[in-house]
Amino acid sequence: MAEVAPAPATPAKTTKKKASKPAKKRVGPSISELIVKAVAASKERNGVSLASLKKSLVASGYDVDKNRYRVKIAVVGLVNKGTLVQTKGTGASGSFKMNKKAEGKTKLARRIRGERA
């Protein structure tokens, strides 16, 4: 009987992990901080509409067209936290103004005013 030599084992490929680049740190304030600044700066009695809020964000250098969804989520989140009060509309549409009851209590409001949080 003929002896059959076992097939040579193929060496396992070693996969080298690529060194992951550290994530870029965001430069500048968060979108929530920008929104709170814009609403606080407004002197409108009924608050700031979402459209005028977006215009003021564009004027401050924020790319609203690219980050439309983030603006919506941030506005809804600030309303849910109690930092903003929605005077008209539902969801992210309508008008918003600062909540006078929670204005001094939130860390975000204190940080914007320059106090220690």
Side-chain angles (χ1 to χ4, degrees):
M1 296 183 128
E3 292 183 24
V4 178
T10 57
K13 293 182 180 178
T14 56
T15 56
K16 293 182 180 179
K17 289 186 178 180
K18 292 182 180 179
S20 62
K21 295 179 183 176
K24 289 184 180 179
K25 288 195 173 187
R26 288 182 283 172
V27 179
S30 68
I31 183 62
S32 297
E33 291 176 8
L34 291 173
I35 290 171
V36 170
K37 281 183 185 178
V39 173
S42 171
K43 302 298 179 191
E44 294 293 321
R45 181 173 175 254
N46 292 330
V48 182
S49 68
L50 186 67
S52 63
L53 181 65
K54 286 180 180 179
K55 286 180 185 178
S56 66
L57 289 175
V58 168
S60 68
Y62 189 76
D63 190 4
V64 175
D65 291 333
K66 188 176 179 181
N67 300 308
R68 249 182 275 157
Y69 187 69
R70 289 186 185 184
V71 172
K72 275 185 166 183
I73 294 299
V75 168
V76 171
L78 288 169
V79 170
N80 289 339
K81 281 183 191 175
T83 307
L84 296 181
V85 176
Q86 190 164 14
T87 57
K88 292 181 184 176
T90 59
S93 64
S95 296
F96 307 92
K97 63 181 180 179
M98 294 297 293
N99 187 358
K100 291 186 179 184
K101 293 178 184 174
E103 193 172 74
K105 296 180 183 178
T106 61
K107 288 182 182 179
L108 183 62
R110 278 190 251 148
R111 191 172 7 164
I112 288 172
R113 288 191 311 235
E115 297 175 8
R116 289 195 171 243

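Hydrogens, waters and symmetry mates play no part in the numbers below; they use all other heavy atoms, side chains included. These numbers were taken from a predicted model, which means no experiment stands behind them.
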*Return the minimal non-hydrogen interatomic distance between F96 and T87, and the atom names on each side.*
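Heavy-atom minimum between the residues: N-OG1, 4.2 Å.
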*Using links of under 4.5 Å between side-chain heavy atoms of ILVMFWY residues, direct or through other members, which residues join I73 in one cluster?*
Y69
Could you pull out every donor-acceptor pair under 3.5 Å between side chains of residues 39-54 and any protein atom, sequence neighbours left out?
residue	atom	partner	partner atom	Å
S42	OG	E44	N	3.2
S49	OG	S52	N	3.2
S49	OG	S52	OG	3.1
S52	OG	S49	N	3.2
S52	OG	S49	O	3.0

_Cluster link V58 to V71, ILVMFWY, side chain under 4.5 Å_ =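 Yes: a chain of side-chain contacts under 4.5 Å links V58 to V71.
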*asked:* Hydrophobic clusters here meaning ILVMFWY residues chained together by side-chain heavy-atom distances under 4.5 Å, can you tell me if M98 and L78 are in one?
replied: yes
_So does S93 get a backbone contact from the side chain of Q86, meaning a donor-acceptor N/O pair under 3.5 Å?_
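Such a contact is found between Q86 side chain and S93 backbone.
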*asked:* Please report the interatomic distance NZ(K72) to CG(N67), rounded to the nearest 0.5 Å.
replied: 13.5 Å
*asked:* Any non-hydrogen side-chain atom of L84 less than 4.5 Å from a side-chain atom of I35?
replied: yes
